[in-house]
Enquirer: 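This is the structure, below, for whatever I ask next.
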Amino acid sequence: MLSDQDRPESNDTGAKHPADLRSATRHPSLLLGLIVAGGLALRLPLAFVHGYSADIGGSIELARNIVQKGLPYAYAPSLANPDLGVYPPAYYYVLGLLGAIYQRFFSPHFDRTLTLEVMLKLVPILGDCLIAVILYSLVRRLSSTRTALWVAAVFLLSPPIIYNSAYWGMFGDPLYMSCILLALLAVQRERTSLAWVAITLGVLVKPQAIAFVPLIAWLTLRPVKLGQWLRAGVASGLAASAIWLPFVVAGTLPQAIAALKQTVGLFPVVSANAHNIWYLLTLGKSWFVNDADPLLGPFSPRVMGLIGFGLAYVLALVRLEETRGWPVLATAAYIAFAFFMLLTEMHENYIYPAITLLMATWPWSRRATKLAVVLTFTALVNMVLHDPPLQGSLEGQAYLTLINLTVLNSGINVLVFIVWTGALLWNPTVARAMAARPPRLDPVQSSAKAN
């Protein structure tokens, strides 16, 4: 996929000018801390801005119920009113902890105050900072300290990431994404059981993490022995059991399962504002097409999306010739993007994992950088054009212009997906080609090798 022109002319630049990168080698922890502090400072003012009202209001209601009635009864409001949001149990653990802190130190009531909204936003804001640290750890083991620091900085400066977490306050996205990245980091370090504990926790935070379970299985279970399979299964089972235990003891597990079943079909539309293939096919009228109605013979859009995603997944795994290194991150990014593009009922913020993983891939080559730039732009446009205050302020011709822009943006996403899929389909070594740039060594390492 990449030609020699995509590679840098030389990879020993650091050895020739060690003073330029000395600080990046000698004090990486300090520099990483400064980068994270800068990302935090950039986000904190947005914590005081009203975010995505419906989601924050639902989180407040859920937190109130957990604190007042107890964690095992967290699913009662969602069962009665699914519009509040239905999430796996680990999500409620975090909400309950936040609610307990608010009740203990601020107010026994759960009125919608600015303080409570800021506290809710601090979770995804701090989650972004944690992700930056994990991305640094992932990339540092594959390349130089300087590259890893750049990856962390670019992620924290990424506009759609800031928009999603700091402005909108999407509570769970950085939480389950952190678990996915920790699973990939554990795979990188050949810690199979830890990888399965991490991905299990991710699934128990938000169900979107399920999309990465087959990838973790492919990376960890193929090359290992039966005993390691069993240990991974036991570790995953123990983690899940510990989280579900309060619900089992209280006898509310059936209630929780009944509520979680409502997540499928909660928004029975082909696209819930996600600029994907379904949004393009309906020319922006995706909310008016039920994804359970037959579309092509007996097949509904929901079934067609699942089939398409399954085929894209198989293609990605077949083309993955390595289970360590850069190609794994590229495959994970493609899977995340395919999830967003092909499945129905997608919301605009569901592209968060794809953008996050692309932030770890852009240093590989110029083409990977261009891909990250394009999708970062379309992700931001997707969120901005569907921001509730903007949508509510437009009417007539202005609103029609907005719809045309959303369709155009979805068209760009579809084109990128087609090109990316085509590259995987026709080039068996595309994953390795995207990683064509050799890892850059730190100056001290380069000098040592020269000596």
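Predicted model, so just to flag it, every value in this text is computed and none were measured.
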Enquirer: Considering the options Leu142, Thr147, Val139, which one meets the side chain to side chain contact (heavy atoms under 4.5 Å, CB included) requirement together with Pro363?
Expert: Thr147
Enquirer: Considering non-hydrogen atoms only, spot the tightest contact between Asp128 and Pro174 and give its length.
Expert: OD1-CG, 3.7 Å
Enquirer: Can you confirm whether Asn276 sits close enough to Phe417 that some side-chain heavy atom of one is under 4.5 Å from a side-chain heavy atom of the other?
Expert: no
Enquirer: Please check this pair: side chain of Asp111 against backbone of Thr113, looking for a donor-acceptor N/O pair closer than 3.5 Å.
Expert: no
Enquirer: From Met383 CE over to Ile161 CD1, what is the distance, rounded to the nearest 0.5 angstrom?
Expert: 7.0 Å
Enquirer: Decide yes or no for Ile355 and Asn164: does some side-chain heavy atom of the first lie under 4.5 Å from some side-chain heavy atom of the second?
Expert: no
Enquirer: Quick one: CD1 on Ile162 to CZ on Phe155, what's the gap to the nearest 0.5 Å?
Expert: 9.5 Å
Enquirer: Going by heavy atoms in the side chains, are Leu375 and Thr378 under 4.5 Å from each other?
Expert: yes
Enquirer: Is there a side-chain contact between Thr376 and Met359 (heavy atoms, below 4.5 Å)?
Expert: yes
Enquirer: Is the backbone N or O of Ser143 less than 3.5 Å from a side-chain atom of Arg140, with the two atoms forming a donor-acceptor pair by type?
Expert: yes
Enquirer: Once rounded to the nearest 0.5 Å, what's the spacing between atom CD of Glu345 and atom CZ of Arg302?
Expert: 5.0 Å
Enquirer: Testing the basics here: between Phe337 and Ile351, what is the closest heavy-atom pair and its distance to 0.1 Å?
Expert: CE1-CD1, 4.2 Å
Enquirer: Determine whether the aromatic ring centres of Phe212 and Phe339 lie less than 6.0 Å apart.
Expert: no
Enquirer: Taking atom OH of Tyr73 as the centre, does the number of heavy atoms from other residues, nucleotides or ligands within less than 6.0 Å exceed 12?
Expert: no
Enquirer: Spell out, as yes or no, whether a donor-acceptor pair under 3.5 Å connects the side chain of Tyr93 to the backbone of Ile243.
Expert: yes
Enquirer: Roughly how far, to the nearest 0.5 Å, is the CG atom of Leu126 from the CZ atom of Arg43?
Expert: 10.5 Å
Enquirer: Verify the distance criterion only: is there a donor paired with an acceptor across the side chains of Tyr176 and Gln208 at less than 3.5 Å?
Expert: no
Enquirer: Which heavy atom of Val205 sits nearest a heavy atom of Gly172, and at what distance?
Expert: CG1-O, 4.1 Å
Enquirer: Between Lys69 and Ala74, is there a donor-acceptor pair closer than 3.5 Å when you use the side chain of the first and the backbone of the second?
Expert: no
Enquirer: With the side chain counted from C-beta on, respond yes when Asp387 and Tyr163 share a heavy-atom pair under 4.5 Å apart, and no when they do not.
Expert: yes
Enquirer: Please verify the inter-ring angle class for Phe106 with Tyr102; under 30° counts as parallel, over 60° as perpendicular, anything in between as tilted.
Expert: parallel
Enquirer: Any sub-3.5 Å donor-acceptor pair from Trp287's side-chain atoms to Ala272's backbone N or O?
Expert: no
Enquirer: Sequence neighbours excluded, which residues qualify as side chain to side chain donor-acceptor pair (under 3.5 Å) partners of Tyr87?
Expert: none
Enquirer: Tell me whether Tyr313 contacts the main-chain N or O of Ala211 through its side chain, where contact means a donor paired with an acceptor under 3.5 Å.
Expert: yes
Enquirer: Checking side-chain polar atoms at under 3.5 Å, does Asn413 have a donor or acceptor matched by the opposite partner on Tyr279?
Expert: no
Enquirer: Only counting residues at least two apart or in another chain, list the ones meeting side chain to side chain donor-acceptor pair (under 3.5 Å) with Asn409.
Expert: His275
Enquirer: Can you tell me how far CD1 of Ile35 sits from SG of Cys129, rounded to the nearest 0.5 angstrom?
Expert: 11.5 Å
Enquirer: Rounded to the nearest 0.5 Å, what separates atom CG in Leu156 from atom CD1 in Ile125?
Expert: 11.5 Å
Enquirer: Listed by chain and number, what are the side chain to side chain donor-acceptor pair (under 3.5 Å) partners of Thr252, not counting sequence neighbours?
Expert: none
Enquirer: Side chains of Leu62 and Phe171: closer than 4.5 Å at any heavy-atom pair?
Expert: no
Enquirer: Hey, does Phe288 have a side-chain heavy atom less than 4.5 Å from the side chain of Thr282?
Expert: no
Enquirer: Look only at the side chain of Thr401 and the backbone of Gln397, and say whether a donor-acceptor pair between them is shorter than 3.5 Å.
Expert: yes
Enquirer: If we ignore hydrogens and angles and just use 3.5 Å, is the side chain of Arg141 paired with the main-chain N or O of Ser137 as donor and acceptor?
Expert: no
Enquirer: Do Thr331 and Arg319 touch side chain to side chain, with heavy atoms closer than 4.5 Å?
Expert: no
